[in-house]
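Being a predicted model, the structure only gives us computed values, none of them experimental.
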Amino acid sequence: MAEIVLVRHGQTEWSMAGKHTSYTDIELTPAGERQAQEIGARLADRSFAAVISSPRERAVRTAELAGLRITEIDDDLAEWNYGRYEGITSAEIHDRYDPAWSLWTHGAPDGETPAQVGIRVDRVIAKAAKLLDQGDVALVGHGHCLRVVGARWIGLGPDGGGLLKLDTATLSELGHEHGARVIQQWNSGR
């Protein structure tokens with residue numbers, strides 16, 4: 001049976017610094033560009049019925065450098081909207097605003113809640129699942145959003161993504177076993 005392959009974009013200056021990056025369109029670093037090319041080498045023997053990407057340049061560029069032909073840009077794959085927390089780290093949020101804050105339970109002020117991200121991720125999953133009868137589907141996106149994809153695929157709530165670490169320039173595979181949705185591989189590095 002076909003699989004959904006999650007591709008997290010390569011390194012950016014903000015991802016390297018641990019800054020929350022949603023709507024700010026940060027370019028890949030030179031290391032991030034090399035990482036994207038390495039993803040392409042790792043996927044060289046695979047073909048995809050569809051490649052759906054976030055609209056953010058870091059995701060689109062990762063797909064391009066990996067040799068993936070994007071078939072659709074989908075706003076639902078954009079990173080979690082961090083609202084007022086855009087561009088700052090979790091440590092800064094804890095120091096300045098709320099020592100108990102967690103994106104996975106509180107969401108982001110003036111941004112999205114876990115439930116809102118879950119709704120749009122469910123639309124992406126439904127779309128990708130319909131395409132699986134044609135072959136593998138790649139989703140190119142971002143750390144927190146793709147973590148929610150993994151959680152929702154296996155029936156967890158959006159907050160379940162908090163249990164799934166996802167590094168830049170990694171691959172993950174979602175599939176089936178005995179008719180049940182499973183994570184076949186997660187956070188596979190270089």
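- Checked against a 6.0 Å centroid threshold, the rings of Trp101 and His20 count as neighbours.
- Under a 3.5 Å cut-off, the side chain of Asn187 and the backbone N or O of Asp167 do form a donor-acceptor pair.
- One hydrophobic cluster, built from ILVMFWY side chains closer than 4.5 Å, holds both Ile154 and Leu174.
- Between Leu132 and Val137, the shortest heavy-atom distance links the atoms CD2-CG2, 4.0 Å.
- Two rings, from His142 and Trp80, have their centers 6.0 Å or more apart.
- Of the possible donor and acceptor atoms, one in the side chain of Thr62 sits under 3.5 Å from a partner among the backbone N and O of Gly10.
- Panel note: side chain Arg8, backbone Thr170; no donor-acceptor pair is recorded below 3.5 Å.
- Without hydrogens or angle criteria, Arg69 side chain to Ala50 main chain gives no donor-acceptor distance under 3.5 Å.
- Shortest non-hydrogen contact noted between Leu146 and Leu6 is O-CD1, 3.9 Å.
- At distances below 3.5 Å, not a single donor-acceptor pair connects side-chain atoms of Arg123 with backbone N or O atoms of Lys127.
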Worksheet item: Given the rule in the side chain to side chain contact (heavy atoms under 4.5 Å, CB included) test, do Val5 and Val7 qualify, once you have shown the distances and angles that lead to the verdict?
Response: CA-CA 6 Å; Val5 177; Val7 180; 4.2 Å; yes

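- The CD1 atom of Ile52 lies 10.0 Å from the CG atom of Asp76; values are rounded to the nearest 0.5 Å.
- Gln11 and Thr168 share no donor-acceptor pair across their side chains, judged by distance under 3.5 Å alone.
- With rounding to the nearest 0.5 Å, the separation of CG in Leu65 from NE2 in His9 is 13.5 Å.
- Thr21 places a side-chain N or O within donor-acceptor distance of the main-chain N or O of Lys19, the cut-off being under 3.5 Å.
- Under a cut-off of 6.0 angstrom, the local environment of CD in Gln185 is crowded, with over 12 non-hydrogen atoms contributed by other residues, nucleotides or ligands.
- Looking at Ile183 and Glu173, their side chains never come closer than 4.5 Å, going by heavy atoms from C-beta outward.
- Side-chain atoms of Thr29 never come within 3.5 Å of backbone atoms of Thr12 as a donor-acceptor pair (strictly under, hydrogens ignored).
- At a threshold of 4.0 Å, the pair Arg61-Glu57 does not count as salt-bridged, since none of the basic side-chain nitrogens sits closer than that to a carboxylate oxygen.
- Neither Tyr82 nor Trp14 shares a network with the other; the hydrophobic side chains, linked directly or stepwise wherever heavy atoms of I, L, V, M, F, W or Y lie under 4.5 Å apart, form separate groups for each.
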Worksheet item: Hey, mind stepping through Glu72 and Ser53 against side chain to side chain donor-acceptor pair (under 3.5 Å) and telling me if it holds?
Response: CA-CA 6 Å; Glu72 181 178 349; Ser53 177; over 6 Å; no

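- Note: the hydrophobic cluster containing Val140 does not contain Val149 (ILVMFWY, side chain heavy atoms under 4.5 Å, direct or indirect links).
- Taking the six-membered ring for Trp and the full ring otherwise, the centers of Tyr85 and Tyr97 sit less than 6.0 Å from each other.
- The OG atom of Ser22 sits 7.0 Å away from atom CD of Glu112, with the distance rounded to the nearest 0.5 Å.
- With Glu79 contributing its side chain and Gly141 its backbone, the two residues share no donor-acceptor pair below 3.5 Å.
- Contact check on Asp25 versus Arg56 returns no salt bridge, with no Lys/Arg side-chain nitrogen under 4.0 Å from an Asp/Glu carboxylate oxygen.
- Taken to the nearest 0.5 Å, the CG atom of Leu103 stands 10.0 Å off from the OG1 atom of Thr113.
- By the 4.5 Å heavy-atom criterion applied to side chains, Pro158 and Gln116 are not counted as neighbours.
- Within the 4.5 Å cutoff, no side-chain heavy atoms of Ser54 are placed close to those of Asp74.
- In this structure, CZ on Phe48 lies 11.0 Å from CD1 on Ile4, to the nearest 0.5 angstrom.
- Of all non-hydrogen atoms in Ser188 and Arg42, the two that sit nearest each other are OG-NH2, 2.6 Å.
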Discussion item. As a quick check of understanding, evaluate side chain to side chain contact (heavy atoms under 4.5 Å, CB included) for Leu77 and Leu139, giving each step before the final call.
Written reply: CA-CA 8 Å; Leu77 266 176; Leu139 302 179; 4.1 Å; yes

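- Glu3 has a carboxylate O that lies under 4.0 Å from a charged side-chain N of Arg46, or vice versa, which qualifies the two as a salt bridge.
- Put simply, the side chain of Gln134 never gets that close to the backbone of Leu131: no donor and acceptor are under 3.5 Å apart.
- Here the straight-line distance linking atom OG1 of Thr89 with atom CZ of Arg96 works out to 7.5 Å at 0.5 Å rounding.
- Contact of the Leu43 side chain with the Leu171 side chain is registered, since non-hydrogen atoms from C-beta on lie closer than 4.5 Å.
- Linking ILVMFWY side-chain heavy atoms closer than 4.5 Å, directly or via other members, places Ile26 and Leu28 in two distinct hydrophobic clusters.
- Between Arg120 and Cys145, the closest heavy-atom pair is NH1-SG, 4.1 Å.
- With hydrogens and angles ignored, the 3.5 Å screen pairs a side-chain donor or acceptor of Trp153 with a backbone N or O of Val182.
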